[in-house]
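In what follows, a structure is listed as structure tokens, so that the remarks can point back to it.
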Protein chains: 4
Amino acid sequence: MALTTEQRVRRAAVKLFAAKGFHGTGIRDLAQAAGISSASLYHYMGTKEDLLVGIMRECLDRLLLAARRTLDSLDDPADALSALVTLHVMAHAAQPDETRVVDHEVSALSRPARRRIVGLRDEYEDIWATTIDQGVAAGVFDAPEPAVTRLALLEMCTGVARWYSPRGPLPLDRLAARYAQLALRMLGSPSPPRGTAAERAREVAAQVWRIRP
Amino acid sequence: MALTTEQRVRRAAVKLFAAKGFHGTGIRDLAQAAGISSASLYHYMGTKEDLLVGIMRECLDRLLLAARRTLDSLDDPADALSALVTLHVMAHAAQPDETRVVDHEVSALSRPARRRIVGLRDEYEDIWATTIDQGVAAGVFDAPEPAVTRLALLEMCTGVARWYSPRGPLPLDRLAARYAQLALRMLGSPSPPRGTAAERAREVAAQVWRIRP
Amino acid sequence: MALTTEQRVRRAAVKLFAAKGFHGTGIRDLAQAAGISSASLYHYMGTKEDLLVGIMRECLDRLLLAARRTLDSLDDPADALSALVTLHVMAHAAQPDETRVVDHEVSALSRPARRRIVGLRDEYEDIWATTIDQGVAAGVFDAPEPAVTRLALLEMCTGVARWYSPRGPLPLDRLAARYAQLALRMLGSPSPPRGTAAERAREVAAQVWRIRP
Amino acid sequence: MALTTEQRVRRAAVKLFAAKGFHGTGIRDLAQAAGISSASLYHYMGTKEDLLVGIMRECLDRLLLAARRTLDSLDDPADALSALVTLHVMAHAAQPDETRVVDHEVSALSRPARRRIVGLRDEYEDIWATTIDQGVAAGVFDAPEPAVTRLALLEMCTGVARWYSPRGPLPLDRLAARYAQLALRMLGSPSPPRGTAAERAREVAAQVWRIRP
DNA sequence: GATGAATGAGATTTCATTCAT
DNA sequence: GATGAATGAAATCTCATTCAT
């Protein structure tokens, strides 16, 4: 079960890009962290940018997969949003480095790569937008400016990656539940989140990220 | 009222650091954007890092000043939090570049500079923490995990800098009001934000950032 | 009358590109030969390719200038061809490094640069083609395949850059005269080259390359 | 009749060295063009330089062999020179890549390899020198500067490799005949080239290079 | 025979910074 | 004040080559 060199490279990159930024991370830093020479690095990646793109793609692909898989079995908008928040928070708490890279380094991408990555991000955000709209239409959400509310929610949840520590006092599932509560409050939703949503979100998280809260 | 060269340098740096990151911005980029030679740059700044520190200091100093000045005349915790949210949102919407630099480039600082900047940031966040604690103690806020709520609030409000555009459909004061509402909802506060808080926040914002909403 | 650094760079490049080829010459070789650091090199050139293009352009520009200036005052096709050969040989004998670079390193150019340089070369060769055609039309040249003859002539004369040494037994003007004779023989021209052509060619060579035979 | 891997490597090298130069051709380019991995390349060649030397040796060996075999059966200097020109032109037109490599990449060789290759080239040129000298001695050639004439002839003929295309309008034997005529004109030889010389040259070319004009 | 893995050395180019003018 | 000239260090990436499998 030892890691392959390729995996070691990827992990080193994720950690360093998150800590020092893409431009702040040198090829030598990467090589040293992966335990190989900087020339050998080029067996496992194309350019440094390819490495970045790979990290971002995988992270966003998983987020999209998780969101879609979850919503497939949830009809109630409050449940759906609850599940989205739970998943998003779990993902960002469990993979803070990956998600921070996705969040912070878009500007480091070349034009064509940026277009692709932003496309994925937009797909993901569209899922949130749709869910919110459905809740508003159903009369269970109160969101005068749905777009503003969506962005507020997303930024709030994404921010978890910037401060959550598994070594802190709050276990991951408690954190996620708390955030789901905050989200429903923001939407003026009277109903407390039902267990089903959180249950479903946890199942999917376990499948997609192998998170076991 | 023409800008001094020093101001031009500062503004160019803010824009470029925000757009491409500190490490992604070269000294020559700065010089070109400021309209001087890269050698002349060194008359107006110390090192590149000094420039970054200056930008961050000023931004945080203003935020702190604004927060303190506002709270001086507000007793009610709901009013106080309302005002803090309003100020924070206005600052981040009106100065997205400055605040993004503060937010994203802490890792680019050397150890001693980082300590100072993080110190300022912590001072600022302490004001929020105190305000929340007071609301909880007074029974007007429902925040089982006050620290989590504080971080959720801050990330939500800070995120404004990443997406708000003055050319969008939402005027700044409406945005701030909406965020204040969201914040109070998150805190389970029954009382709608009173006009005084927003009023006071706008006064201070006008003094500190010359924002006229 | 000391050389500027830029001139030293140019000369070093000409010598090294001619001796070891463009790809065989490293940036460090250039810097060392020019007596500056490799970083300083970039004050005086853009990229290594820009340096190559500059060398080629200048060389071809001069060749074109010389050819045009000469033909302006020569009507007789035999005289004209005589003068072209004389100029070409003098240029290639006096500037063997420049001309060898033009001759050998076209394949090292990027697509757009190559297009420009080959364009210049074609302009120059067109002058030869026209001159030969005129001689054939006038009945003074016998060239069953004018294009073949032109290429044979050009290759023969260009080759001078690959072997001629000013330290050899043959002075430059004797060499040029000999080549003019060979060229007219190849064209089956009965008339010996008149003095006017060589005279005119020498004048122009003195103007364009400051050659004093 | 499929090619062996070794032949594929050799041909790929010839093509690439001719097109991009020795230093401009990477080991990976070679491997890709030969359809094997770059590590496998080292089963079929020693170093990259060995490959170059092999190409040059073979090319020059064949040229020498052809020249010697031809002259064995030709006594008349005009016939001999005619045959030399014919052979040289045919070789350079039929194998432009090989001959261009011989011509352009001598400077890429290490000292000892260069000595050997230049030795072969000198042997070959000596054959031309001797033939010209004999013609001069016999009074059939007019060459005031025999060495200059030899170099002019060789450069003219070698140049064929730089422009001749089998897809052009001129068949190979017509081209060779034209060049033989040009050569004899340059030498002031009154006699038209007799059929025997061309005949013999064609026979040898067929043996040595399997050229069928 | 064939190749993925590996690398030290070196490629070109940019970096932030200094200094004489 | 302003800048062209200069540079050591470092950037990303490629080089030819070796070797265990």
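Residue numbers begin at 1 in each chain, while the letters A, B, ... track the order of the sequences. All heavy atoms count here, side chains included; hydrogens, waters and symmetry mates do not.
The two residues B:Val53 and B:Arg116 make their nearest non-hydrogen contact at CG1-NH1, 4.4 Å. Annotation for C:Ala12 and C:Ala34: closest pair CB-N, 4.0 Å, computed over non-hydrogen atoms.
Ring pair A:His104/B:His104 is parallel by interplanar angle, where below 30° counts as parallel and above 60° as perpendicular.
With DNA chain E read from its 5' end, the first of the two nearest nucleotides for B:Gly46 and D:Ser38 is the one closest to D:Ser38. Between B:Ile36 and C:Ile36, the residue anchored closer to the 5' end of DNA chain F is B:Ile36, taking for each the nucleotide with the nearest heavy atom. Take the nearest nucleotide of DNA chain F for A:Asp29 and for D:Asp29: the residue whose nucleotide is more 5' is A:Asp29. The residue among B:Thr47 and C:Met45 whose nearest nucleotide of DNA chain E is located toward the 5' end is C:Met45.
Residue C:Gln32 qualifies as open at atom CD: its count of foreign heavy atoms under 6.0 Å is 12 or below.
C:Gln95 places a side-chain heavy atom less than 4.5 Å from the side chain of C:Arg62. With a 4.5 Å cut-off on side-chain heavy atoms, A:Ile36 and A:His43 do not count as touching. No side-chain heavy atom of A:Val9 sits less than 4.5 Å from a side-chain heavy atom of A:Leu30. In this structure the side chain of A:Asp50 never reaches within 4.5 angstrom of the side chain of A:Met45, judged on heavy atoms.
Residue A:Ser37 has its side chain nearest to E:dG8 when only F:dT12, E:dG8, E:dT18 are considered. With F:dT17, E:dT12, F:dT7 as the choices, the nucleotide that has an atom nearest any side-chain atom of C:Lys48 turns out to be E:dT12. Looking at the side chain of D:Ala39, the nearest of the listed nucleotides E:dT17, F:dC19, F:dA9 is F:dC19. Here E:dG1 is the nucleotide among E:dT12, F:dA10, E:dG1 with the atom lying nearest to any side-chain atom of D:His43.
Look at CG on D:Leu51: it is 14 Å from C1' on F:dT17, rounded to the nearest Å. Separating the CD atom of D:Glu6 from the C1' atom of E:dG1 is a distance of 13 Å, rounded to the nearest angstrom. Taking atom CZ of D:Arg28 as the reference point, atom C1' of F:dT14 lies 7 Å away to the nearest angstrom. In this structure, CG of C:Leu41 is placed 13 Å from P of F:dG8, rounded to the nearest angstrom. Nucleotide F:dT14 holds its C1' atom 13 Å from the NZ atom of D:Lys20, rounded to whole Å. Atom NE2 of A:His23 and atom P of E:dA16 are 12 Å apart (whole Å). Straight-line distance from the OH atom of C:Tyr42 to the P atom of E:dT12: 7 Å, rounded to whole Å. If you measure from atom CD1 of C:Ile27 to atom C1' of E:dA11, you get 9 Å, rounded to the nearest angstrom.
Using a 4.0 Å heavy-atom distance criterion, C:Thr4 is classed as making no nucleic acid contact.
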Q: Give the dot-bracket string for DNA chain F, reading 5' to 3', where a pair is Watson-Crick or G-U wobble with both distances under 3.5 Å, ( ) marks pairs inside the strand, [ ] marks pairs crossing earlier ones, | marks a partner on another strand, and . marks unpaired.
A: .||||||||||||||||||||

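Within the structure, every side-chain polar atom (N or O) of C:Ser40 is placed at least 4.0 Å from both OP1 and OP2 of F:dA5.
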